[in-house]
Amino acid sequence: MNLQHIPQIKHTDSGNFFLLAGPCAIEGEEMALRIAEKLVGITDNLQIPYVFKGSFKKANRSRIDSFSGIGDEKALKILRKVSETFHVPTVTDIHTNEDADMAAQYVDVLQIPAFLVRQTDLVVAAANTGKTVNLKKGQFMSPESMKHAVQKVLDCNNENVMVTDRGTMFGYQDMIVDFRGIPTMQQYASTVLDVTHSLQQPNQTAGVTGGRPDMIETVAKAGIAVGVDGIFIETHFDPANAKSDGANMLHLDYFEGLMNKLVAIRKTVNAF
């Protein structure tokens, strides 16, 4: 994947990793613009190629009463406003074939959730839009098996594809990152490490996913040291009251400090 195929992406010649970051879900216009403004400032200062992330809806919640979105078109219009206001590309999840064409009218990168990455029709629908496609590795899949998901996109004459590792199930209620999988998946496509989802603790009896945000810096540093192409991090200015995945998001106040450390590590890795 050539990063320059993503509209409005900047700093592609900086030698840095690229970044997909933002809130788990779009909760409203003010919160999205507030988070985007902060992240754009940080990434411009550090010359990190940046894509704003926000889910326009959450279709894979544990409980029926969990927050799923503010309305599809309303959330997608907010993503478009973020892009137009700050001149950055955007990425969002899709869950159905119909979502692909709808979301492609508003965002630059379509993301296939980990639980759905083996759904051929969904992957093909995303690829056929011509947008860049981000394939989340299923928690139940080996790194080697992701070559088939990538090939589905390539077979649609779309070379703009990336793979994201979001951890692998370890028992019923924990995730681990097998860093051996990163160079494996880099053989098939540009590879991203989803730091925050890799620290989820799913399947809690309360029906609300837990997490280990205290380990975000550790996992992110390790990913950069291994040589991952991109980093994915969800962040919020008030994780405790976020409507989705607050238990494993990085507080926005800590974002700049972490990026400074990751850029420093990247420069060291590049020197070898």
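From a predicted model like this one, the values you see are computed outputs, not experimental measurements.
- No donor-acceptor pair under 3.5 Å is formed between the side chain of T90 and the backbone N or O of V107.
- In this structure F170 satisfies the ring-ring contact (aromatic ring centres under 6.0 Å, His included) test with no other residue, sequence neighbours excluded.
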Query raised in the report: Checking side-chain hydrogen bond (donor to acceptor under 3.5 Å, both in side chains) for the pair T168/K137: CA distance, chi angles, key distance, verdict?
Result: CA-CA 9 Å; T168 300; K137 184 184 82 66; 3.2 Å; yes
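- In this structure, the side chain of K53 engages the main chain of C24 through a donor-acceptor pair within 3.5 Å.
- L20 shares a hydrophobic cluster with M1, L3, I6, I9, F18, V51, V91, V109, M162, V192, F232; the chain of contacts runs through ILVMFWY side chains whose heavy atoms sit under 4.5 Å apart.
- Taking 4.5 Å as the limit, some side-chain heavy atom of L79 sits within range of a side-chain heavy atom of F52.
- With hydrogens and angles ignored, the 3.5 Å screen pairs no side-chain donor or acceptor of N158 with any backbone N or O of V153.
- Within the 3.5 Å criterion, the main-chain N or O of K267 finds no donor-acceptor partner in the side chain of N270.
- Within the 3.5 Å criterion, the main-chain N or O of I224 finds no donor-acceptor partner in the side chain of R266.
- Residue-environment remark: CD (Q187) exceeds the threshold of 12 foreign heavy atoms within 6.0 Å.
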Counting only pairs under 3.5 Å, give me each side-chain donor-acceptor contact of residues 112-119, with atom names and distances, residues two or more places apart or in other chains.
none

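- In this structure, N45 contributes its side chain and G41 its backbone to no donor-acceptor pair below 3.5 Å.
- Here the closest heavy-atom approach between residue G167 and residue S198 is recorded as N-OG, 3.3 Å.
- Shown here for N16 and P49, the closest heavy-atom pair between the two residues is CB-CD, 4.2 Å.
- Although no hydrogens or angles enter the test, the distance criterion places a donor-acceptor pair under 3.5 Å between the side chain of Y50 and the main chain of A21.
- Within the structure, salt bridge (Lys or Arg N to Asp or Glu O under 4.0 Å) contacts touching residues 188-202 (residues at least two apart or in different chains) are K136-D194.
- Under the ring-ring contact (aromatic ring centres under 6.0 Å, His included) criterion, the residue pairs touching residues 243-272 are H251-Y254, with sequence neighbours excluded.
- In this structure, the side chain of T85 does not engage the main chain of S83 through any donor-acceptor pair within 3.5 Å.
- Remark: the backbone N or O of L250 is paired with a side-chain donor or acceptor of T235 at under 3.5 angstrom.
- Looking at S55, its side chain never comes within 3.5 Å of a backbone N or O of T92 through a donor-acceptor pair.
- The salt bridge (Lys or Arg N to Asp or Glu O under 4.0 Å) analysis of residues 7-29, with sequence neighbours excluded, yields the pairs E29-K81.
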